[in-house]
Student: 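Before anything else, here's the structure in question.
Side chains included, hydrogens not; waters and symmetry mates left out as well; all remaining heavy atoms used. Here is the naming used below: chain letters follow the sequence lines, and residue numbers restart at 1 for every chain.
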Amino acid sequence: MLAGIAALSRLNGFLSRVSLWLAGAGLVFMTLIVFAQVFMRYVMNDSLLWVEPVAILLMSWFIFLGSAVGVHESFHMGFDVLLFFLPDSAGNWLKGLSDLAVLCFAIGMAVYGWQLMVRTWGTTLPVIRLPGGFGYMPLFAGGVLMTLFVLEHLLQRLSGSRAEAQQDAEDILMTEA
Amino acid sequence: MEYLILFGVFTLLMLIGTPIAFCLGISSFATVVWLGLPPLVVFQRLSAGISVFTLMAIPFFIFAGDLMVRGGIAGRIVRFAGSLIGHVRGGLGQVNIAASTLFGGISGSAVAEAAAVGGIMIPQMKERGYGADYAVNVTSMAALIALMLPPSHNMIIYSISGGGRISIADLFTAGIIPGLLLALALSFTAWIVAVRRGYPTEPFPGLAKVFRFLLESLPGMLLIAIIFGGVRSGIFTATESSCIAVIYALLVTVLVYRSMSWRDFVHATQQAVRTTSMVLLIIGMAGAFGWLMAYLHVAQISLNWMRSVSDNPFVILLLINIVLLVLGTFMDMSPLIIITTPIFLPVVSAFGIDPVHFGVIMILNLGIGLNTPPLGPVQFVAAAVARISIWEAMRSVWPFYAAGLLVLMLVTYVPALSLWLPALFRGL
Amino acid sequence: ECETTLRSSDTHPDGYPTVEGVKAMAAEVKEKTGGRICIEVFPSSQLGEEKDTIEQTQFGVIDMVRASFGSFNDIVPVTQTTSLPYLYRSEDHLHKVLDGPIGEEIAGQFAEHGLIPLAYYDGGARNFYNSKQPIRTVEDLKGMKFRVMQNDVFVDMMSALGANATPMPYGEVYSSIQTGVIDGAENNFPSYDSSGHAEVAKYFTLDQHLMVPELVAVSKTSWEKLSPGDQEIMRTAARNSATLQRKLWAEQEKASEEKVIAAGAEVVKDVDKTAFIEAMAPVYEKYVTTPEARDLVKRIRETQ
Ligand code: NA
Ligand code: NA
């Protein structure tokens, strides 16, 4: 059991790092193409028609990849006042319950993301002429990654091997809105 | 029953510490299953909720903010503000507020502002004998100015939550006078407290130095003109101006200041990915939640309820302000904008209140909530920088809260503070 | 109490002819079924934009949708052919096509995509307007920049006319015309008026380049749950509502036209459309590729 969790942990660590880099590259690429569009319109007097749909697709990818990383790194912002006042054992139990709820949702995201992809495959995205299903691919990928990541947390909690990540000022920095 | 599932599951999950984004998603999922609707719709709304071109301004403004903090633009602005007004009584407090106002004109993030200005000012203030609580309170409240002055991605979130028909240029313009009013009120409060506590003054460095620091900070501050001028004149859209802000921040830090290394860049990018994917996942999940609220007519029900309480817009606004302040104590700003706008906007519109005016009220109100425990991220950052507990800071925060609430009431009941400037610009 | 509640989505606000049309249909259905079947309209994009609500109707999440033919282009290909520029001579011609055998034929193509069309509403004709000069000929358009919707056909139509297509969000158009980023845009009279674009682009040319009908469709899942009698009531009510909607639309168009003219807009009506139609040859070549599509275009043109 523990060896299995450790293997999942290693796989997830790798997937999370790759996702973070891909998402970062997506953000940078998105910046560049939107800037290219502004430049073309105001300086070259011409419009790049593909920029908007491609940028939206890129944004969708980096949000779902980044959100999955958020599940792995536990940086999604929540309200943990109650946990603060409860004894550790009860807190751990509640966190497990919360992980279970997130697991159900993540599985739903993967399953229904796949269904949406299949059902819209026959349509076409305007301008870029890709099958409509491409629009839902990030949702599906995000669902699969989140499922793996939250499953690891849940298994670690069940086996008692989960250590909470240290929360420092920099973590709080991320919780900006 | 479906109302109980939607709001009950949401509340229960929130209490056990489930991230807000998932509280929204899971409660929507549960409600859709209960209603016997195809669960597909939850995930379609999630995906559609983030596939909006206007939303792109949020990652860009956050990315630009991270680059400016890491690349030294913020630091130079603080130095300029310090040389300018450090010599009044309790000068460093005034410097803190002035720097926040200037930096607030190029960044829309209150937490980034608290980290950037506070990171530089709080250690200096402690060293010069200021109370750490005072330093934290000045920093955390002054950071809210960034929310009010353009650019403000929270105003973009509000515009989108309101159906995307509220002009972002008008919202940006509408926040200026209330933002400056907040700066003024905080400045006055900080001065009174400083006088009573006998805080020191700083020597005036001489006009030559003021001028030098001004020149050094000018490339960064030029962004104020680019963003506001561009959006207001219609040359750029808000999304385009946010993208230009990223490119501009990169050019200034890499070519002019030469202070951005590859490592800094990677770190800033990954940090921006973390922050934006968290904020935008909440927006997407709220898309599903909002769909159910529309399906279940939550806005009409609240409108009828509000009407039964009072038909006086004065009372309705007070009521909404109180509800938002209470919610803001427990929850963060963007999810609250996204959840409450579809409920409250039709209500206030029915009472003849301008959507732009209401947007300013909401942003300021929820901004104050960023500084109230148990969930006060801006206050947390400032306290973490000062290495004191929230409770220590809370002891002397009351005059600053009072200043914030006073400005909130003025903004609520004097619509001209928000609406005069946009009307003026539209007339040009 | 209603035994069945059918939820219908619209992106336009309450009071708009399409919303009022479906509401009139709802009233008739409710009356004729003795209150058993209720139709509830969700206006103002409350349930999502047109493409999203079409998907929701296909999946059976909601029961009805009112959307422009343009939003079906990537789902039901025939709607692209019937939305080609300068295809119809007049609104009257369009009505004859939709209310005749061709309308039936188009409707049949929706069924395999989970949708049952009930009525064709009016979406008016789209026309060019700009801030520079009155447009009477194709030459007048040369080199001008127009905002168009994010759609391949529109972009190709603009190039065929020698103008530049600039896709941008609708909300940015006003200030972009004002500051000269673009020279103009294109839309129907009511939108030209309500968007305030008439204030900044006062030259309006009634060239009627696009007449894109609006469709009221019901989800196949919801449809099959209704008895044949109720289906007939729904069909009749929908047809009657189309008559009302077209009347409301014509009234609104007239009122908007009078309003923008009173506000100083210059409406050019004496356009020779022949040159515009001839300029569309490359567009038709690109989008009318199958024998069926060619036949359809021919039959539409021949409809008198
Ligand atoms: Na700002
Ligand atoms: Na709070």
Student: For chain B, which residues from residues 113-122 of chain A have at least one heavy atom closer than 4.5 Å to it?
Tutor: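 The residues closer than 4.5 Å to chain B, in numerical order, are Gln115(A), Leu116(A), Arg119(A).
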
Student: Hey, could you give me the CG/CG distance between Leu366(B) and Leu144(B), rounded to the nearest 0.5 Å?
Tutor: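 If I round to the nearest 0.5 Å, the distance is 11.0 Å.
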
Student: Can you pull out the residues in residues 54-72 of chain A with any heavy atom less than 4.5 Å from chain B?
Tutor: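 If one takes a 4.5 Å heavy-atom cut-off, the residues of residues 54-72 of chain A near chain B are Ala55(A), Ile56(A), Met59(A), Ser60(A), Phe62(A), Ile63(A), Phe64(A), Gly66(A), Ser67(A), Val71(A).
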
Student: Testing the 3.5 Å rule here: is there a donor-acceptor pair between the side chains of Asn12(A) and Glu152(A)?
Tutor: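 Per modelled atom types, Asn12(A) and Glu152(A) side chains form a pair under 3.5 Å.
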
Student: With a 4.5 Å cut-off on heavy-atom pairs, point out which of Leu281(B), Thr269(B), Leu55(B), Leu12(B) contacts chain A the most.
Tutor: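 Top count of heavy-atom pairs under 4.5 Å with chain A: Leu281(B).
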
Student: Phe35(A), Trp93(A), Phe39(A): which one forms the most heavy-atom pairs within less than 4.5 Å of chain B?
Tutor: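 Greatest number of close heavy-atom pairs with chain B: Phe35(A).
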
Student: Is Phe61(B) close to Ser107(B) at the side-chain level, that is, under 4.5 Å between some pair of heavy atoms?
Tutor: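 A side-chain contact under 4.5 Å is absent here.
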
Student: Measuring heavy-atom distances to chain A, does Val266(B) have an atom under 4.5 Å in its side chain, in its backbone, in both, or in neither?
Tutor: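 Just its side chain gets close to chain A.
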
Student: Do the rings of Phe63(B) and Phe265(B) sit parallel, tilted or perpendicular, given the 30° and 60° boundaries?
Tutor: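 It falls in the tilted class, 30° to 60°.
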
Student: Report the option among Val273(B), Leu280(B), Leu40(B), Val42(B) that has the most heavy-atom pairs separated by less than 4.5 Å from atoms of chain A.
Tutor: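 Looking at each of Val273(B), Leu280(B), Leu40(B), Val42(B) in turn, Leu40(B) comes out on top.
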
Student: Keeping to residues at least two apart or across chains, list the ring-ring contact (aromatic ring centres under 6.0 Å, His included) pairs with something in residues 1-33 of chain A.
Tutor: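 Listed once each, the pairs would be none.
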
Student: Report the distance from atom CG of Leu67(B) to atom CZ of Phe60(B), rounding to the nearest 0.5 Å.
Tutor: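 Going from CG on Leu67(B) over to CZ on Phe60(B), the span is 12.0 Å.
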
Student: Using a 4.5 Å cut-off on heavy atoms from C-beta on, say whether the side chain of Met155(B) contacts that of Leu147(B).
Tutor: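 No. Closest side-chain heavy atoms not under 4.5 Å.
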
Student: Is it the side chain or the backbone of Ile337(B) that comes within 4.5 Å of chain A heavy atoms, both, or neither?
Tutor: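 The answer is neither part of Ile337(B).
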
Student: Hey, what do you get for CG (Leu130(A)) to CE (Met137(A)), rounding to the nearest 0.5 Å?
Tutor: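 Answer rounded to 0.5 Å: 9.0 Å.
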
Student: Going by the rule side-chain hydrogen bond (donor to acceptor under 3.5 Å, both in side chains), which residues pair with Arg387(B) if we only count those two or more places apart in sequence or in a different chain?
Tutor: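 Partners of Arg387(B) by the side-chain hydrogen bond (donor to acceptor under 3.5 Å, both in side chains) criterion come out as none, since no residue qualifies.
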
Student: Which one of Phe53(B), Phe22(B), Phe43(B) has the most heavy-atom pairs closer than 4.5 Å to chain A?
Tutor: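 Result: the option with the highest number of such pairs is Phe43(B).
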
Student: Does any backbone or side-chain atom of Met146(A) lie under 4.5 Å from a heavy atom of chain B? Answer side chain, backbone, both or neither.
Tutor: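 Just its side chain gets close to chain B.
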
Student: Could you measure the distance from the CE atom of Met278(B) to the CD1 atom of Ile62(B)? Nearest 0.5 Å is fine.
Tutor: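 Going from CE on Met278(B) over to CD1 on Ile62(B), the span is 8.0 Å.
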
Student: Rounded to the nearest 0.5 Å, how far apart are CD1 of Ile283(B) and CD1 of Ile50(B)?
Tutor: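 It is 9.5 Å, given to the nearest 0.5 Å.
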
Student: Let me confirm one number: the CE-CD distance from Met56(B) to Glu240(B), rounded to the nearest 0.5 Å.
Tutor: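 Between Met56(B) CE and Glu240(B) CD, I get 11.5 Å after rounding to 0.5 Å.
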
Student: Measure Leu139(A) against the heavy atoms of chain B and call it side chain, backbone, both or neither at under 4.5 Å.
Tutor: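 The answer is the side chain of Leu139(A).
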
Student: Given side-chain hydrogen bond (donor to acceptor under 3.5 Å, both in side chains), test Ser98(A) with Thr18(B) step by step and report yes or no.
Tutor: CA-CA 5 Å; Ser98(A) 164; Thr18(B) 309; 2.9 Å; yes

